[in-house]
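Accompanying notes for the structure given below.
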Amino acid sequence: MAIIIDGNATAKALKNEVKAEVELLMTKGAKRPPHLAAILVGEDGASKAYVGSKVKDCELVGYKSTLIKFEDSVSESELLKAIQELNEDEGIDGFIVQLPLPKHIDQENIIQSIHPDKDVDGFHPMNFGKMALEMDAFHPATPAGIMELLERYSINTVGKMAVVIGRSRIVGRPMSILLGSKGNPGDATVILAHSKTKELEKYTRQADIIITALGNPGFLKADMISEGAVIIDVGITRVDDTSKKGYHLAGDVDFPSCAPIASYITPVPGGVGPMTRAMLLKNTLKAYKNNY
Ligand code: L34
């Protein structure tokens, strides 16, 4: 039976470390704590929940936070104006624009308008490029959180074969870069699989580490993995049911069949999700230190 990686506990430890550091900075005479802003567009339930937790996380560690909300119908130019103001506001260390955005808004345009020094999501091409070149940069929170989990669980990735499934801008593609970068965690031999990949099982069955970021509940089954594989599940899909909430969260991994075979496995919820939020706080602290 695999060791279940506890993302809630690891995120909590990380947040306590950040909190202690903020307290220390303040006792040393810093004039203000770190300040994170978030732009939320529309009424998507998941996005509202995620941003709401990010604001609460800020309170918990002693940051200031500002939440800027727009209706679904907001124009691209209004959003760009809000971003410009945040770029110019010296009291804001970093900010995020929660994704996804409504279809009438050009996501790429929005991301590129964020000043790279305030891009605590690490989505701007400048940060992405620097990350790919192993230069100092903000790393996207989800893959960074996975690297942190691998490190804190002392999971050796050097020379291991890793298969990343999904090539999204915010998870799969940056994940493949970080796992292949120098270091431990890192120094893995990485296969980036996607919708055009043929015979995916051929790769996953050889993999020491599998990271799924698809949003396809129960996709990864026991017959696709080998004994002792490390399984990281980034999928987090709201599946409607008859419960009081009206839904439950489902990962990409068929947990009951994979857990007995794997060496380590992340649950959903309580795995990668909380780490995404914790790493945003870490990036914000980095932005603050650069800015202050
Ligand atoms: N700009 N957009 C931007 N930055 C991000 O880093 C994100 N992401 C993804 C969606 N859009 C984004 C997030 O914040 C996904 N994501 C995220 C954040 C938090 C959690 C999951 C995904 C999380 O806290 N998950 C909990 C359960 C939460 C619940 O109950 O709904 C978990 O245990 O997995």
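Every number for a ligand or one of its atoms is a count from 1 in the order of the listing. Just so we're clear, the structure is a prediction, and the values are computed from it rather than from any experiment. Atom set for the values below is all heavy atoms of this structure, side chains included, hydrogens, waters and symmetry mates excluded.
- Those atoms of ligand 1 that come under 4.0 Å of a heavy atom in Thr276, given as number and element, are 6 (O), 13 (C), 14 (O).
- Under the 3.5 Å distance criterion, with hydrogens and angles disregarded, no donor-acceptor pair is assigned to the side chains of Thr157 and Asp187.
- When only interatomic distances are considered, the shortest N/O to N/O separation between Arg277 and ligand 1 falls below 3.5 Å.
- With 3.5 Å as the limit, one finds no donor-acceptor pair spanning the side chains of His35 and Ser65.
- Looking at Leu249 next to ligand 1, no N or O pair under 3.5 Å apart turns up.
- Heavy-atom separations between Ala49 and ligand 1 are all 4.0 Å or longer.
- For Thr204 and Glu201, the side-chain atoms include no donor-acceptor pair closer than 3.5 Å.
- For ligand 1, the polar-atom distance check against Ile96 finds no nitrogen or oxygen pair separated by under 3.5 Å.
- Contact atoms of ligand 1 toward Gly270: 32 (C), 33 (O), 34 (O) (distance under 4.0 Å to a heavy atom of the residue).
- With a 4.0 Å heavy-atom cut-off, ligand 1 is reached by no atom of Asn8.
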| request: With side chain to side chain contact (heavy atoms under 4.5 Å, CB included) as the test, would you mind laying out the steps for Arg32 and Asp93 before giving the verdict? | output: CA-CA 11 Å; Arg32 62 166 184 85; Asp93 301 297; 2.9 Å; yes
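- The nearest protein atom to atom 11 (N) of ligand 1, hydrogens excluded, is given as Leu99 O, 2.9 Å; this is a heavy-atom distance.
- Under 4.0 angstrom from ligand 1, the non-hydrogen atoms of Asp121 all belong to its side chain.
- Gln98 and Lys48 share no side-chain donor-acceptor pair at under 3.5 Å.
- Any N or O atom pair closer than 3.5 Å counts here, and Lys54 shares at least one such pair with ligand 1.
- Across all their heavy atoms, Cys258 and Ile265 have their closest contact at CB-CD1, 4.1 Å.
- Of all atoms in ligand 1, listed by their number and element, those nearer than 4.0 Å to a heavy atom of Phe123 are 1 (N), 3 (C), 4 (N).
- In terms of polar-atom proximity, defined here as any N/O pair under 3.5 Å, Ile170 makes no such contact with ligand 1.
- If you number the atoms of ligand 1 from 1 as listed, the ones under 4.0 Å from a heavy atom of Pro269 come out as 32 (C), 33 (O), 34 (O).
- Side-chain N or O atoms of His115 include none that pairs as donor or acceptor with a backbone N or O of Asn87 at under 3.5 Å.
- Near Ile236, meaning under 4.0 Å from any of its heavy atoms, are these atoms of ligand 1: 21 (C), 25 (N), 34 (O).
- Remark: ligand 1 atoms within the under-4.0 Å shell around heavy atoms of Pro274 are 32 (C), 33 (O), 34 (O).
- Not one N or O on the side chain of Ser113 forms a donor-acceptor pair closer than 3.5 Å with the backbone of Leu80.
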| field | Criterion salt bridge (charged side-chain N to carboxylate O under 4.0 Å, His left out) on Lys286 and Asp136, from CA distance to verdict | value | CA-CA 11 Å; Lys286 180 178 167 70; Asp136 184 51; 2.7 Å; yes
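- If you check which protein heavy atom lies closest to atom 21 (C) of ligand 1, you get Tyr50 CE2, 3.4 Å.
- Within the model, atoms CG of Asn127 and CG of Asn283 stand 8.5 Å from one another, a figure rounded to the nearest 0.5 Å.
- Which parts of ligand 1 touch Val97 is read off a 4.0 Å heavy-atom cut-off, strictly below it: atoms 1 (N), 3 (C).
- On a distance-only criterion, Gln98 and ligand 1 share at least one N/O pair closer than 3.5 Å.
- Between the side chains of Asp117 and Asn290, no donor-acceptor pair of N or O atoms lies under 3.5 Å.
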